[in-house]
Amino acid sequence: MSTSRSDQTGQSATCPDPEPACRGQLRTFLRTVDGVTIDAAYDPGPHPESVAHGTGGAPSGHPADLAIVVAHGFTGDLERPHVRRVAGVLARYGAVVTFSFRGHGASGGRSTVGDREVDDLAAAVAWARELGHSRVVTVGFSMGGSVVLRHAARRDEGMHPDAVVAVSSPARWFYRGTAPMRRLHWLVLRPEGRLVGRYGMRTRIDHRTWDPVPASPTESVPLIAPTPLLIVHGDQDAYFPLDHPRMLADAAGDHAELWLEPGMGHAEHASDDALLARIGAWAVSRAGALA
């Protein structure tokens, strides 16, 4: 997994590299194992002194070497306001890596709507490790939720997360049981839909169908244990009804936690700051305490 460092900025002069909490904000392009360039950004999170004294907004037990990698939903990218808001709240609990999936924003390639995106997430997790973070938590929304589940199930050496959060994730593929999902299938499968995606949503979608079909989220979650897993879903989700999170929780067995959020809709837009703060606190507690 290679990374380009030419666009990195904001290095801190107050303490030596490679202390992860001492870096400033960074922006770079990563390269996946299949050669796709991925636009990525790094926020170091709370200053280590404010963390130690409990004055930076993070819990006093905040691990300074924790990084949270955010995987956005379909048609998102790292510069979208809702993704920046998510990153801003989670940055109170650790460093945050955001990135744009292939075919989204400034990243290269074309979206495969959750298939090869696992390699994009793997590149982002590897970057967090290269930056010195020994604990990494992946947090994914909608399509990104399915990606974090499948990535954790692969258990790649050196790139496996220490905890996983899937928000508004589907449980199975090809679901068309709601109007928003029928519209999404039109967007992905029809040439005119892909044109709308490209020019109206800044999302370039691959015209090829999956071959082979990847393991579904439900097939993936039993392979994640013993890594801590949190499944979050709103009871007003217009895309995926409650049978999806319940299928995931049932497949995960006793090792997963399920939060069914009253009044919540779908993904990042529906995740208010209070919920994101709870997710951040969960990440800190499950990824391990300071050494």
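Computation of the quantities below employed the complete heavy-atom set of this structure, encompassing side-chain atoms and omitting hydrogens, waters and symmetry-equivalent molecules.
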Checklist entry - Do T227 and H160 get their side chains close enough for a donor-acceptor pair, meaning under 3.5 Å? => result yes
Next on the checklist: Does either side chain, that of R84 or that of T98, offer a donor lying less than 3.5 Å from an acceptor on the other one?
Outcome noted: yes
Under 3.5 Å donor-acceptor, [X] side chain and [Y] backbone:
{"X": "H244", "Y": "A171", "answer": "yes"}
{"X": "S216", "Y": "W173", "answer": "no"}
{"X": "R182", "Y": "R176", "answer": "yes"}
{"X": "R194", "Y": "L187", "answer": "no"}
{"X": "R150", "Y": "E117", "answer": "no"}
{"X": "R286", "Y": "A163", "answer": "no"}
{"X": "R31", "Y": "T37", "answer": "no"}
{"X": "R204", "Y": "S111", "answer": "no"}
{"X": "S271", "Y": "A267", "answer": "yes"}
{"X": "T138", "Y": "V164", "answer": "no"}

Checklist entry - Between V165, V167, I279, which is the residue that forms a side-chain contact (heavy atoms from CB on, under 4.5 Å) with W259? => result I279
Checklist entry - Between Y42 and H133, what is the ring plane arrangement, given parallel below 30°, perpendicular above 60°, and tilted in between? => result tilted
Next on the checklist: Does the plane of the ring in F101 sit parallel, tilted or perpendicular to the ring in F99? Use 30° and 60° as the thresholds.
Outcome noted: perpendicular
Next on the checklist: Salt bridge check, E268 against R80: does any charged N sit closer than 4.0 Å to a carboxylate O?
Outcome noted: no
Spell out, yes or no, whether [X] and [Y] are grouped together once hydrophobic residues are joined by side-chain heavy atoms under 4.5 Å, including indirect joins.
{"X": "V83", "Y": "I38", "answer": "no"}
{"X": "I231", "Y": "L223", "answer": "no"}
{"X": "M247", "Y": "M143", "answer": "no"}

Given the side-chain rings of [X] and [Y], with only the six-membered ring counted for Trp, is the space between their centroids under 6.0 Å?
{"X": "F74", "Y": "H104", "result": "yes"}
{"X": "F141", "Y": "H82", "result": "no"}
{"X": "H185", "Y": "F174", "result": "no"}

Item to check | Candidate pair R246 and D235, rule salt bridge (Lys or Arg N to Asp or Glu O under 4.0 Å), full reasoning | outcome: CA-CA 11 Å; R246 287 169 175 152; D235 67 358; over 6 Å; no
Next on the checklist: Can you give me the closest heavy-atom contact between E257 and W282, atom names plus distance?
Outcome noted: OE2-NE1, 2.9 Å
Checklist entry - Shortest non-hydrogen contact from A252 to V221? => result N-CG2, 3.8 Å
Nearest 0.5 Å please: distance from the [atom1] atom of [X] over to the [atom2] atom of [Y].
{"X": "F240", "Y": "S142", "atom1": "CZ", "atom2": "OG", "value": "5.0 Å"}
{"X": "D39", "Y": "F29", "atom1": "CG", "atom2": "CZ", "value": "4.5 Å"}
{"X": "I205", "Y": "H207", "atom1": "CD1", "atom2": "NE2", "value": "12.5 Å"}
{"X": "R154", "Y": "S220", "atom1": "CZ", "atom2": "OG", "value": "10.5 Å"}
{"X": "D77", "Y": "T203", "atom1": "CG", "atom2": "OG1", "value": "7.5 Å"}
{"X": "L229", "Y": "L149", "atom1": "CG", "atom2": "CG", "value": "6.0 Å"}

Checklist entry - How about D254: does its CG atom have over 12 heavy atoms from other parts shown lying under 6.0 Å from it? => result no
Next on the checklist: Against R102, only a single residue in T112, D206, D120 fulfils side-chain hydrogen bond (donor to acceptor under 3.5 Å, both in side chains); can you say which?
Outcome noted: D120
